[in-house]
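Order of the sequence lines fixes the chain letters, A, B, ..., with proteins taken first and strands second; residue numbering starts at 1 for each chain.
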Amino acid sequence: MHDIKAIRDDATAFVRGLQRRGLDGQAVANDLLEKDKALRELLVRLQNSQARRNEASKLIGQAKAKKDEAQAAALMAEVAGLKDDIQKGEAEQREREETLKNALAVIPNLPADDVPDGADEAANVPMPERAFGTPPGINNAKQHFEIGEALGQMDFERAAKVSGARFVYLKSDLARLERALGAFMLDTHTEQFGYTEVSPPVLVRDQALFGTGQLPKFEEDLFQTSREYMDVENGVFRNSMDRFWLIPTAEVSLTNYVADEILSEAELPIRFTAHTPCFRAEAGSAGRDTRGMIRMHQFSKVELVSITAPEKSNEEHERMTDAAQTILKKLDLAHRVVTLCTGDMGFSAQKTYDIEVWLPGQNAFREISSCSNCGDFQARRMNTRYRPKPYPQHVGFTQPSPGPSPLPINPSPRPVHTLNGSGLAVGRTLVAILENYQQPDGSVAIPDVLVPYMGGKTKIEKPS
RNA sequence: GGACAGGUGGCCGAGUGGUUGAAGGCGCACGCCUGGAAAGUGUGUAACGGUGAAAGCCGUUCGAGGGUUCGAAUCCCUCCCUGUCCGCCA
């Protein structure tokens with residue numbers, strides 16, 4: 001959510017930012033400013049009336065105390081005249097505020113200055129300094145689903161029977177591998193990077209999804225509970241009003257943890273990690289990645305979320321990306337990192353790094369993590385602020401002035417910055433391990449760091 | 001699902017019609033005290049919005065909306081949320 005005051009003061013950065021996203025920034029700004037102006041014109045009139053009413057009400061009290069009934073009656077008549085006006089004005093105010101908010105709610109974040117311009121993923125910019133490893137040479141590399149199905153431990157057909165397309169059963173060692181990966185990732189992030197492990201809700205309310213930016217624009221990507229029930233007496237289905245959404249990523253639960261709060265600066269940064277299932281409708285993805293585990297309705301992911309002071313978020317973004325990459329390095333999986341261009345970034349992000357792992361079976365790099373700095377965009381939507389530390393007025397002077405000490409300056413609350421990243425997508429990491437560690441005999445070696453998590457097992461093979 | 005009880009500032013918690021934006025406490029900040037700290041002590045400390053160069057002035061906000069009233073945190077209605085007990089249940 002953008003700050004209308006900032007746009008009012010100077011719309012040039014706003015207009016330019018939206019243009020870089022391929023939107024008609026000027027038209028958007030004009031529309032917003034028009035709605036803003038309409039609201040403020042109303043406010044000036046309304047507040048004058050309210051001020052007069054308040055003043056008159058006080059005088060009525062005084063007149064009555066003095067038994068000046070004539071004066072009181074005259075004032076009451078005046079207030080009665082204002083009343084209707086004020087009530088209509090207040091209703092109009094709510095309407096215009098709503099109109100403005102609705103318009104603001106669907107405008108994406110502005111790209112950071114150092115984000116490359118471009119229309120789509122073709123314009124993303126590789127970061128050679130973050131690249132790791134060389135793709136292994138594997139003859140006749142198989143795709144992960146061929147490997148998994150041959151092992152008898154990955155079953156899409158039965159999942160389709162039970163749940164439909166884009167679901168999977170993992171069994172025995174592959175099921176354990178998923179669990180091992182989740183535990184390994186969480187351990188790394190908590191022990192090595194100071195994240196706090198969280199087990200969050202995966203069903204959330206509208207407000208949470210508004211906060212992180214999935215609503216109101218991207219409803220079609222989400223699953224929601226319906227709570228339909230049979231009304232036996234009337235023989236019809238009824239839908240109760242309460243409704244939850246399934247999280248498409250733990251970013252929603254973890255980031256909204258601080259919604260509607262004023263944090264103290266000492267609490268920052270807050271770093272959360274969670275391993276959760278994620279649910280995505282994948283509407284509009286028909287025909288894309290239809291085979292295998294790349295694109296599922298339900299998948300497992302370890303998420304990283306940081307809440308920071310504004311001046312710390314860029315640094316935190318690099319740190320978070322390091323944490324995500326560390327997982328791949330420990331697994332010795334070749335990968336590269338790209339900076340997403342303006343046309344490929346998500347709605348809430350001001351800057352995003354995608355980490356792409358090498359998949360020999362696909363002979364391609366595929367996204368396995370996405371780390372975004374959202375700036376204050378989500379914080380404004382969630383109403384999350386922090387109070388900067390108060391400081392004495394003489395800060396900056398070499399000598400404290402004599403006499404009574406000046407009062408300290410208490411800075412106003414400011415929106416925090418929020419960041420989120422996958423650390424990593426567990427399902428896709430499992431895919432990467434199968435394809436990169438596949439052996440000619442159909443078995444799959446287990447990366448060294450995972451061996452303890454696999455009960456000492458060093459390879460996965462078909463049960464005899 | 002049934003029956004109750006509640007929603008007040010960064011937090012806890014008073015407050016049942018008229019300078020109450022709101023006592024008190026905690027927390028926090030800056031002084032004093034101290035060799036330094038703790039303790040003690042003094043002072044300060046709501047958010048959001050409008051207007052203004054600024055100081056300031058004004059408005060809104062005690063879960064949300066509506067109503068009664070000249071005037072509502074306080075009375076009435078509706079809704080939302082939270083808690084407790086019972087029932088069911090991983």
Under 4.5 Å between any side-chain heavy atoms of A:Phe347 and A:Phe377, yes or no?
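Yes, close enough: below the 4.5 Å cut-off.
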Any non-hydrogen side-chain atom of A:Ser306 less than 4.5 Å from a side-chain atom of A:Met320?
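Yes, at least one pair of side-chain atoms sits under 4.5 Å.
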Whole angstrom value for the distance that separates [atom2] of [N] from [atom1] of [X]:
X        : N      : atom1 : atom2 : value
A:Arg96  : B:rU60 : CZ    : P     : 18 Å
A:Asn383 : B:rA47 : CG    : C1'   : 9 Å
A:Asn54  : B:rC57 : CG    : P     : 16 Å
A:Leu263 : B:rG9  : CG    : C1'   : 16 Å
A:Asp260 : B:rG9  : CG    : P     : 12 Å
A:Gln87  : B:rU60 : CD    : C1'   : 16 Å
A:Glu55  : B:rG71 : CD    : P     : 15 Å
A:Gln47  : B:rU61 : CD    : P     : 11 Å

Name the closest nucleotide to the [X] side chain, picking from [options].
X        : options                : result
A:Ser57  : B:rC48, B:rG50, B:rG71 : B:rG71
A:Leu43  : B:rG50, B:rU60, B:rA47 : B:rG50
A:Gln50  : B:rG59, B:rU82, B:rG50 : B:rG59
A:Ile262 : B:rU51, B:rG10, B:rC58 : B:rG10

Say we look at [N] and [M]: how far apart would their [atom1] atoms be, to the nearest angstrom?
N      : M      : atom1 : value
B:rC12 : B:rC28 : C1'   : 15 Å
B:rA23 : B:rG9  : P     : 13 Å
B:rA72 : B:rA29 : C1'   : 35 Å
B:rG40 : B:rG65 : C1'   : 50 Å
B:rC33 : B:rA73 : C1'   : 41 Å
B:rA22 : B:rU45 : P     : 11 Å
B:rG52 : B:rG59 : C1'   : 15 Å
B:rA3  : B:rG87 : C1'   : 11 Å

Taking only side-chain nitrogens and oxygens of [X], does any of them come within less than 4.0 Å of OP1 or OP2 of [N]?
X        : N      : value
A:Lys83  : B:rC70 : no
A:Arg385 : B:rA47 : no
A:Arg387 : B:rC11 : no
A:Arg8   : B:rG50 : yes

What is the nucleic acid contact for [X], judged by heavy atoms within less than 4.0 Å: base, sugar-phosphate only, or nothing?
X       : result
A:Leu75 : nothing
A:Asn48 : nothing
A:Arg52 : nothing

If the condition is salt bridge (Lys or Arg N to Asp or Glu O under 4.0 Å), which residues does A:Lys83 pass it with, not counting sequence neighbours?
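Counting only residues at least two positions away or on another chain, A:Lys83 forms no salt bridge (Lys or Arg N to Asp or Glu O under 4.0 Å).
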Go through the steps to decide whether A:Phe14 and A:His2 satisfy the test ring-ring contact (aromatic ring centres under 6.0 Å, His included), and finish with yes or no.
CA-CA 9 Å; A:Phe14 177 77; A:His2 292 285; 5.1 Å; yes
Take A:Ser313 and A:Asn373, measure what side chain to side chain donor-acceptor pair (under 3.5 Å) needs, and give me the verdict at the end.
CA-CA 7 Å; A:Ser313 68; A:Asn373 183 354; 3.1 Å; yes
Partner nucleotide, any strand, of B:rC70 [Watson-Crick/G-U, under 3.5 Å]:
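Partner of B:rC70: B:rG18.
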May I ask you to say whether A:Arg295 pairs ionically with A:Glu282, meaning some side-chain N is under 4.0 Å from a carboxylate O?
yes
When you look at CG of A:Asp114, are more than 12 heavy atoms from neighbouring residues, nucleotides or ligands closer to it than 6.0 Å?
yes
